[in-house]
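Data first, discussion second: the structure below is written as structure tokens.
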Amino acid sequence: MAITLEAPPVAARRAIRPSRGRLRGDGFASSMFLLPIVAIFIALFAIPTGQSIYYSFTDSAGFVPTHDWVGLDNYAAVFSDPTLLAGLSFTLLYTVSTTVAITVLAIPLAIALNKRFAGRTFARSLFFFVGVPAQAIIGLIWQYIFSPLDNGAINVVLGNFGLEAVPWLADSDLARFCVIFVAVWAQVGWHATLYLAYLQAVPADLYEQAQIDGASGRQQFWAITMPELIPALVVSTFLLVTSGLKIYDLPFTMTKGGPGYSTNTITQQIILQGLSQFDVGVGSALAVLFTIACLVVVLVQLTAANALTRRFS
């Protein structure tokens, strides 16, 4: 008996395609979900940025509705004011110092926390939660600890041993050191936790095979550990650089920018010029230059990160 196979109808084999009107409707519905984000971006970023660029070319005092066009005079004032240059120098010193110090300390700390030992979970939690409080709260606590007065916490301890009080926050060099030290102390645990998360994803078989091949601990670090930590290194340094450039709360709560202008930052100077001294023109010019500098630094950092990733990939 012959078996006859019949092909299904053409209509059943034909794929059902949505109409153009339905596609347009879906696209419109999807774009509607973007409207709140676009509105927030325009209201909180695009418009304030445009206003800052405009006011940077005027002598606006903020509360006065009238102002005159001054061209590039505000930008010239930024580069000629020693207080602004002092804020720039400390901001760069803070950013570079904290980025390097935290990176150098966080990676070995993460490796140590990745090993098995008694109380490992408690140690991990302790280093992580140190950086949870706000920078302003940490600054107020360490302001009392580093107080240059005789009743400061460290000076009280020194006095019990018959030593003289140290002007921790009253000396320019010591004040810079104290601010950077506190920043490193507060953030190294958080970034070590970031590295630890990447370390836990490294297969243990890689280290066992390396030990069988006779690789030393240093060789294992550069051949196995470091390549696996490159993504974490990129993320960590990016966060450190961006947060360091815009730092304000920690130095302000510890030293108010002093003594003198030794711990003054760019963000503090922008607020001081625009809000305290009502010199919106100069403050806007400084903000525009600072934004451009941050964009350049971020682009350079991303380029270096891509080159580093290709080097270890």
Side-chain angles (χ1 to χ4, degrees), residues 90-117 119-142 145-146 176-202 207 217-218 220-254 263 265-267 294 297-309 311-313:
F90 178 71
T91 301
L92 295 177
L93 174 65
Y94 176 92
T95 303
V96 174
S97 300
T98 54
T99 301
V100 173
I102 292 174
T103 303
V104 170
L105 295 175
I107 294 178
L109 179 60
I111 295 175
L113 294 176
N114 196 38
K115 299 181 181 299
R116 295 182 179 275
F117 59 89
R120 182 177 66 170
T121 303
F122 174 76
R124 291 177 177 179
S125 303
L126 179 64
F127 281 105
F128 174 77
F129 284 110
V130 165
V132 171
Q135 294 280 331
I137 297 176
I138 295 176
L140 292 174
I141 295 173
W142 281 93
I145 297 175
F146 280 127
R176 296 190 192 97
F177 168 79
C178 291
V179 172
I180 295 173
F181 171 82
V182 173
V184 173
W185 172 85
Q187 300 179 68
V188 68
W190 190 93
H191 287 270
T193 306
L194 175 64
Y195 288 114
L196 179 61
Y198 281 82
L199 281 177
Q200 291 178 336
V202 180
Y207 293 101
R218 179 180 301 179
Q220 294 180 32
F221 174 79
W222 289 109
I224 301 176
T225 306
M226 198 59 199
E228 297 293 335
L229 288 181
I230 291 301
L233 180 66
V234 172
V235 174
S236 176
T237 53
F238 178 81
L239 294 176
L240 287 171
V241 170
T242 53
S243 62
L245 290 174
K246 63 182 182 182
I247 188 64
Y248 168 75
D249 42 6
L250 180 63
F252 183 78
T253 53
M254 287 186 65
T263 58
T265 62
I266 289 294
T267 51
C294 290
V297 171
V298 169
L299 290 177
V300 171
Q301 185 181 11
L302 292 178
T303 303
N306 291 332
L308 189 63
T309 303
R311 168 66 177 81
F312 284 94
S313 61

Inset, instruction - Taking all heavy atoms of Pro251 and all of Thr265, pick out the closest pair and write down the distance. - result: CG-CG2, 4.0 Å

Inset, instruction - Look up atom OG1 in Thr225 and atom OH in Tyr195, then write down how far apart they are to the nearest 0.5 Å. - result: 13.0 Å

Legend entry - Side-chain heavy-atom pair Val241, Val298 within 4.5 angstrom cut-off: no

Legend entry - Criterion side chain to side chain contact (heavy atoms under 4.5 Å, CB included) on Leu245 and Ile266, from CA distance to verdict: CA-CA 8 Å; Leu245 290 174; Ile266 289 294; over 6 Å; no

Inset, instruction - Flag yes if more than 12 heavy atoms outside Phe117 fall under 6.0 Å of its CZ atom; otherwise flag no. - result: yes

Inset, instruction - Return the minimal non-hydrogen interatomic distance between Ser236 and His191, and the atom names on each side. - result: OG-ND1, 2.8 Å

Inset, instruction - Please name the pair of heavy atoms, one in Arg120 and one in Asn114, separated by the smallest distance, quoted to 0.1 Å. - result: NH1-O, 3.5 Å

Inset, instruction - Hey, could you give me each pair passing salt bridge (charged side-chain N to carboxylate O under 4.0 Å, His left out) that has a residue in residues 94-114? Not counting sequence neighbours. - result: none

Inset, instruction - Supply the atom-to-atom distance Thr121 OG1 to Leu126 CG, rounded to the nearest 0.5 angstrom. - result: 12.5 Å

Legend entry - Pairing residues for Thr193 by the side chain to side chain donor-acceptor pair (under 3.5 Å) criterion, not counting sequence neighbours: none

Legend entry - Nearest atoms (heavy-atom pairs only) where Thr253 meets Asp249: OG1-O, 2.8 Å

Inset, instruction - Would you please name every residue forming a ring-ring contact (aromatic ring centres under 6.0 Å, His included) with Phe146, sequence neighbours left out? - result: Trp142, Trp168

Legend entry - Donor-acceptor contact present, side-chain Thr99 to main-chain Thr95, <3.5 Å: yes

Legend entry - salt bridge (charged side-chain N to carboxylate O under 4.0 Å, His left out) pairs, two or more places apart, involving residues 91-110: none

Inset, instruction - Only counting residues at least two apart or in another chain, list the ones meeting side chain to side chain contact (heavy atoms under 4.5 Å, CB included) with Gln220. - result: Tyr207, Ala210, Gln211, Ala215

Inset, instruction - Tell me, please, which residues at least two apart from Val100 pass side chain to side chain contact (heavy atoms under 4.5 Å, CB included). - result: Val96, Val104

Which donor-acceptor pairs under 3.5 Å do side chains of residues 127-134 form with protein atoms, sequence neighbours excluded?
none

Legend entry - Interatomic spacing from CG in Leu196 to CG in Leu229 - rounded to 0.5 Å: 10.0 Å

Legend entry - Expected output: side-chain Thr263 to main-chain Arg176 donor-acceptor under 3.5 Å: no

Legend entry - Under the side chain to side chain donor-acceptor pair (under 3.5 Å) test, residues paired with Thr91 that sit two or more places apart: none

Inset, instruction - For Gln135, check side chain to side chain donor-acceptor pair (under 3.5 Å) against everything at least two apart and list the hits. - result: none

Inset, instruction - Would you name the heavy atoms of Leu109 and Ala192 that are closest together and state the gap between them? - result: CD2-CB, 3.6 Å

Inset, instruction - Check for a donor-acceptor pair, side chain of Gln301 on one end and backbone N or O of Thr237 on the other, with a separation under 3.5 Å. - result: yes

Inset, instruction - Return the set of residues passing ring-ring contact (aromatic ring centres under 6.0 Å, His included) with Tyr248 (not counting sequence neighbours), or none when no residue passes. - result: Phe252

Legend entry - Nearest heavy-atom neighbours spanning Leu240 and Thr98: CD1-O, 4.4 Å

Inset, instruction - Starting at CG of Leu199, measure out to CD1 of Ile111 and round the result to the nearest 0.5 Å. - result: 6.0 Å

Inset, instruction - Measure the CZ-OG distance between Phe177 and Ser97 for me, rounded to the nearest 0.5 Å. - result: 11.0 Å

Legend entry - Qualifying residues under side chain to side chain contact (heavy atoms under 4.5 Å, CB included), relative to Leu105, sequence neighbours excluded: Val184, Val188

Inset, instruction - Only counting residues at least two apart or in another chain, list the ones meeting side chain to side chain donor-acceptor pair (under 3.5 Å) with Arg124. - result: none

Legend entry - Side-chain heavy-atom pair Gln187, Ser243 within 4.5 angstrom cut-off: yes

